Amino acid sequence: MSETPQPADLIVFGGTGDLSMRKLLPALYHSDRDGRLAPETRVIAMSRGGLDDADFRGKVDAEVRGSVPVDDLGVWQRFLGRLHHVTVDISGQDPTGWARLAGMLGGHEHRDRVFYLASPPMTFGPFCREAHRAGLVTPASRVVLEKPLGRDLASALRINDEVGAIFDERQIYRIDHYLGKETVQNLLVLRFANAFLEPIWNSLWIDHVQITVAETVGTPGRRGYYDHAGALRDMVQNHLLQLLCLVAMEPPSRNDRESIRDEKVKVLQSLRAVTGGEVDRFTVRGQYTAGESGGVPVPGYLDEPDNTAPTEDSRRVETFAAIRAEVKNWRWAGVPFYLRTGKRMPYRCSEIVVQFKDVPHSIFPGSTPNRLVLRLQPSEGIQLNIMAKEPGAGEVALKPVPLGLSFAETFTGRVPEAYERLLMDVLAGNPTLFMRRDEVEAAWRWIDPILDEWESRGTVPEPYPAGSAGPAAAHELVGRSGRVWHEEGLA
Ligand code: BG6
């Protein structure tokens, strides 16, 4: 990243929506506060909302200020002063808003210009066409696409074609905010800046890998989106597969924009397809019913408060998914990768567990295999469980003890939010932590047969009470081969 921030125009389509107010604007404020935005940089929210600049600044003052540290009112006022609002219509019928935007951007063609599409995927193509028609796409422009990128391979291909008709691939930034999380980047450092792990990072030493993203939240008010997404599209196709890629990839030759993405795509292409009857053996889906969260009674998925009533889609959608995946290459042959994610789980916990094999020959009773746990949230850290002797005379008694690194205790600075890091990368023109077209398509290629099989059966997901660790079948998925889920974070 260059030391002196360059002036940029960041145009956020869906700029008054939930993502913008909860994540993007707070992230930009933090960057401003840290001196990482040039004085001339502007943030232009676009929506159908009919607001003027003053209305939008008032809205941000009312809704965002409480969620960020405002220790210097001058900095907050400076940040508000960067904000603008333009009302647009992407159907192409009313060009007024586009003309206004063109007027604002005119004369600044050499600035970095970022179009951030924080809107549903079906708007990506129309937005790009209209922006092009209005003459706004300059060589220095970039476009950021929020997930989900489509709902299957066919729709992802279509969106990629539509956006690709206007922007070059080098200008397209497909965001997966998990790649901006500190611990996720630390996984790359752990693997490729330390020599000791590489010789044992393979099927000779590793028994299996578990990747869990468990959330306590449910989906109140999200039925419109979630009924048509479900855990597989919402979490597995992107976040969990990206984590799998970082664990399984070969060492890249450089830390540059293409080398890491080249290696990740090879992992996705090596995933063994789960098709036909295998879907029953290798996948589990669940939907939460009424239960408890943090000691408070909560409704089931179908009874979540929403302004639309549940439909047949609601009954069929999964809020929990678990899959046994395999990476078919020399390094990982025979090592299962268990993926699991769910809403309304007992605790919030995102972690990668690398379970090593047992010693080849044990001379002590009671030894258990080593385990490396990479905790992404909460309390980011790395923990290696090793066997130690319990102090005392007589028989040798063993105990697994943790060797731990807590990021909060080791590093005292503020840990930036994923969106902050990623937005600064877009402004700096660094796409390393963004998904390339072939990556997204390879992920859908693996997900599609599972979705097709689930959908063609027309069955409903297995129920699990809110606050439990998912349906019983998820335990059978690992239990069939004598394994168990790592439940320390979920216990
Ligand atoms: C989003 C999903 O991509 O990630 C949400 O759409 C989910 O359903 C969220 O809650 C989880 O992100 P995080 O950073 O809170 O783990």
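A quick note: this is a predicted structure, and the numbers were derived from the prediction, not measured. In listed order, ligands and their atoms are each counted from 1.
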Report yes if the distance between the aromatic ring centroids of Y338 and H208 is under 6.0 Å, otherwise no.
yes
Going by the angle between their ring planes, with limits at 30° and 60°, are [X] and [Y] parallel, tilted or perpendicular?
X: F411; Y: F407; answer: parallel
X: F56; Y: H85; answer: tilted
X: F13; Y: F127; answer: tilted

Among all protein heavy atoms, pick out the one at the shortest distance from [atom]; state its residue, atom name and that distance to 0.1 Å.
atom: atom 15 (O) of ligand 1; answer: R348 NH2, 3.4 Å
atom: atom 14 (O) of ligand 1; answer: K181 NZ, 2.6 Å
atom: atom 10 (O) of ligand 1; answer: E215 OE2, 2.5 Å

As an exercise, identify every atom of ligand 1 less than 4.0 angstrom from a heavy atom of H239.
1 (C), 3 (O), 4 (O)
Out of all atoms in ligand 1, which are within 4.0 Å of some heavy atom of K147? Include the element for each.
1 (C), 2 (C), 3 (O), 6 (O)
Out of curiosity, is Y178 lining ligand 1, as in a heavy atom under 4.0 Å away?
yes
H177 N/O to ligand 1 N/O under 3.5 Å
yes
If you measure every N/O of K343 against every N/O of ligand 1, is any gap under 3.5 Å?
yes
Proximity to ligand 1 by part of R222, non-hydrogen separation under 4.0 Å:
side chain
Where's the contact between K23 and ligand 1, heavy-atom distance under 4.0 Å: side chain, backbone, both or neither?
neither
Neighbour count >12 (heavy atoms, 6.0 Å) for atom CD, E409:
no
Donor on one side chain, acceptor on other, D152 and S155, under 3.5 Å:
yes
In terms of side-chain heavy atoms, does Y116 have a donor or acceptor partner in E146 at a distance below 3.5 Å?
yes
Closest candidate by heavy atom, reference atom 5 (C) of ligand 1, pool D234, D176, N238:
D234
Run the salt bridge (charged side-chain N to carboxylate O under 4.0 Å, His left out) test on D262 and R436 for me, step by step, so that the C-alpha distance in whole Å, both residues' side-chain angles and the decisive distance to 0.1 Å come before the verdict.
CA-CA 9 Å; D262 286 346; R436 216 166 53 189; 2.8 Å; yes
